[in-house]
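Below is one structure, written out as C-alpha cells; comments come after it.
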Amino acid sequence: MMGSELKLSRFVHAFDIEDSLALFHSFRVDTVFLPKESRDLLDRLRLGVSPTEARKMFGTKSTKTLTDKYFLVDSSYDEIAELQKCVRKDVSGTYFHTMYLLLAEPCNLDCGYCFFQDEMPVRKTGDRIMKESTAKNALDLFSTWAEKKQPATIILYGGDPLINMRTLKFAISYTDQLVSEGKLHADTVVSIVCNGTLINEDFVEFLKSFGRRVSLGISLDGPRHIHDFWRKDKKKRGSYDRAIAGYTLAKEGGLSPSISCTLAPNNLPEIDAITDWLIEMEPAGMSFNLLADTSKLHMDAKYAEDATNAMIRAFKRLSV
Ligand code: SF4
C-alpha cells in the first residue's frame, strides 16, 4: 500500500477533543487519535505527501497505524471503487434481524413530545390495533427473511403495545414457537417498549414464563418533576406514580426491566439528577432517547449538541 504518494482518505473527518485530534473514518468506522497540533498538517495530507514526509510528520509508528487503518491511502487507491465493492457484497448478503410490530396506535398517555401520536393521520388518530392474524403473517414472513445464524429481535411497540394485550401475548408465544421449530435463531428476543402504566400481575406472570426470550423496557424520564413535565395522561395528570408502580411490579415479580429515558431540552441541565435517579432505580439496562421534531416542537443543532454532551456526562458516571 505504501506507494509513491500518500493522501488523507476522503472518508476521514477531524474533531478536536480536549488535547487531542480525533480522526474518524466514516467508511471503515474507525478512530485514530493524534496530538492536537496535527490539525495543521491535514491540508497538506489532503494534497498528498511522500511516505518519507508522512513519517517525518507523524513518526514511523503513527504513520504505520494511519496507513494500516486506511486513514492515509496511496494516491492511486480508488476509495469509491472499494466502497462500491463493499456495498455490492453487503447488499447481496442482506438479511433482516430486527422487526418492529406496532401493536396499537392508541396510547393511554398524551406525552407532550410524542412523535408517534403527532404523526397519526388526522382521521385515523389512535384507533387501529393489530390483529393476531396480521402479527402471524408478519412473523411468518420475517422468519423466512431473517438470518438463521444470527439472533433476531422483534420489538413490540405502539402507542402503548399493552393496550393490545391479546396480540402482544400472541406475538410472544408465536415467536417462541418459531424458535422451537428452528425457524428463528434460538437466542431470538422479543423486546417490549411500553410506558409502564398498564403493567399488571397477569402480564408479569406471562412474561416470566418466557424467561430471557422477552425483555421489557419502560419509558421513565427521571425523578417525578422531570418525568411528569412531559409524560402526562389525557387529563394532564403526570404519569410518574403509575409508571413507577408498573416498573416496581415487574421488578418484584422477577422480571429485569430496563429504562428508556427521553432527554427533552429542558431536562438537560438536570442530567446529574437524572443520573442519580437512574443509579437508584437499578434497572437491568438503560438507554437515552433524543427527541424528534413534531408539529409542536423543533429540535435544533444546539439541542443535539447539548443532549450529546449530557449523555456523555451521564455515561461517564454510569459506566464506572
Ligand atoms: S407513552 Fe409513548 S406512545 Fe404514548 S403518548 Fe407517550 S410517547 Fe407517545
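Counting starts at 1 for both ligands and their atoms, in listed order.
Inclusion of Cys111 in the first shell of atom 6 (Fe) of ligand 1 is supported: an N, O or S atom falls under 2.8 Å. Taking backbone and side chain together, Cys114 holds an N, O or S atom under 2.8 Å from atom 8 (Fe) of ligand 1.
Shown in contact with Cys107 at under 4.0 Å from a heavy atom are these atoms of ligand 1, numbered in order with element: 1 (S), 3 (S), 4 (Fe), 5 (S). With ligand atoms numbered from 1 in the order given, ligand 1 contributes 1 (S) to contacts under 4.0 Å with heavy atoms of Asn195. Taking every heavy atom of Leu109 and a limit of under 4.0 angstrom, the matching atoms of ligand 1 come to 5 (S).
A heavy-atom separation below 4.0 Å is found between Gly159 and ligand 1. Using a 4.0 Å cutoff on heavy atoms, Asp160 does not count as a contact of ligand 1.
Between His97 and Thr153, the closest side-chain pair of non-hydrogen atoms is not below 4.5 Å.
In summary, Asp202 and Lys169 engage in a salt bridge, as defined by a charged side-chain N under 4.0 Å from a carboxylate O. Classification of Asp110 and Lys232 as a salt-bridged pair fails, no side-chain N sitting under 4.0 Å from a carboxylate O.
Checked by atom type and distance alone, the side chain of Asp160 pairs as donor or acceptor with a backbone atom of Asn195 at under 3.5 Å.
In Lys183, the NZ atom is not crowded: 12 or fewer heavy atoms of neighbouring residues, nucleotides or ligands sit closer than 6.0 Å.
Annotation: atom 2 (Fe) of ligand 1 to nearest protein heavy atom, Arg231 NH2, 4.2 Å.
Tyr70 carries Arg28 over the face of its six-membered ring, with the cationic atom under 6.0 Å from the centre and within 45° of the normal.
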